[in-house]
Number of protein chains: 2
Amino acid sequence: MVESSIQLDLVFTALSDSTRRSILARVAEYEMSIGEIAQHYKLTFAAISKHIKVLEKANLITKRRRGKEQIVIIVPKSLDVAREHIERYADMWEDRFNNLDKILEEK
Amino acid sequence: MVESSIQLDLVFTALSDSTRRSILARVAEYEMSIGEIAQHYKLTFAAISKHIKVLEKANLITKRRRGKEQIVIIVPKSLDVAREHIERYADMWEDRFNNLDKILEEK
DNA sequence: GTATCATTCAACTACATGGTTGAATCAAGC
DNA sequence: GCTTGATTCAACCATGTAGTTGAATGATAC
């Protein structure tokens with residue numbers, strides 16, 4: 001535990017399950033109720049509800065009430081933290097690559 | 001399980017742990033042996049070895065032998081699959097946002 | 001081939017996760 | 001206030017994961 005970023009932990013954990021990625025893709029297109037989401041999967045309602053809670057905890061989605069239903073809404077900027085983190089690896093590697101000249105000179 | 005992408009599962013699972021992200025950041029800058037990596041953490045050697053195996057399984061890093069040591073090397077393009085997936089969510093949301101006009105017309 | 005250093009494997013513990021079922025909650029409609 | 005529909009909670013089971021320790025392997029140096 002060095003770069004203690006709980007938010008990143010939560011986001012990557014949420015994205016590590018294909019059912020959750022599928023749900024996220026769904027609500028990225030159309031906001032919909034939990035019941036509507038659950039219809040598309042063989043899992044029980046409760047299981048879907050749990051997956052949605054994981055996405056919510058990672059702040060990838062949020063909920064709003066519409067009568068009896070809970071409407072699931074994507075939080076658009078929430079994935080930025082993950083995207084930016086991934087870019088950072090690329091940048092580091094790029095820097096290292098650009099320093100190859102120096103390394104070769106030492107030979 | 002809808003968009004059965006085991007590779008994405010592995011990559012996001014690997015990135016969901018801050019120790020592994022830290023290791024990945026380290027080897028993105030400089031390639032180094034497992035022993036050198038382990039020195040920076042309070043965990044046992046075996047624990048670090050396990051973390052590195054998770055990163056290897058996700059194809060984020062690879063290993064090369066140098067005498068007695070195993071040198072850990074980042075696989076630069078391996079994160080693309082994750083980055084591209086994240087971009088897709090953004091695109092979907094963008095499309096939906098651009099269609100707001102039509103939705104408002106229906107009102 | 002023996003000693004040594006670097007790493008991995010095996011066995012184990014503790015805890016988290018993904019799934020189930022059935023009861024409980026909560027808002028709406030009558 | 002009762003019923004119904006939508007969702008969540010609680011309890012439980014099975015499996016996976018992160019960590020440990022100690023033994024086993026693999027490569028080098030002598």
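Computed from a predicted structure; not experimentally measured.
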Nearest-nucleotide pick for A:T44, side chain only, options being C:dT21, C:dG18, C:dC9: C:dT21
Residues from residues 51-69 of chain B lying under 4.0 Å of DNA chain D - heavy atoms: B:H51, B:R65, B:G67, B:K68
Rounded interatomic separation in angstrom, taking CG from B:L43 and C1' from C:dT7: 16 Å
Minimum-distance nucleotide (side-chain atoms of B:D17 versus C:dG18, D:dA18, C:dT7): D:dA18
CD1 on B:I34 to CD1 on B:I52, rounded to 0.5 Å: 4.5 Å
Of the listed nucleotides D:dA18, C:dT20, C:dT7, the one nearest the side chain of B:I34: C:dT7
Closest to the A:A46 side chain, choosing from C:dA11, D:dA6, C:dT20: C:dT20
Residue-phosphate contact under 4.0 Å: A:S49 side-chain N/O, D:dT7 OP1/OP2: no
Side-chain N or O of A:Q70 closer than 4.0 Å to phosphate OP1/OP2 of D:dT8: yes
Ion pair B:D80/B:K77, N-O distance below 4.0 Å: no
Pairing of B:E69 and B:R66 as salt bridge, 4.0 angstrom limit: yes
Rounded distance (nearest 0.5 Å) linking atom OG1 of A:T19 with atom CG of A:L55: 10.0 Å
Distance, rounded to the nearest Å, where A:K50 contributes NZ and C:dT21 contributes C1': 11 Å
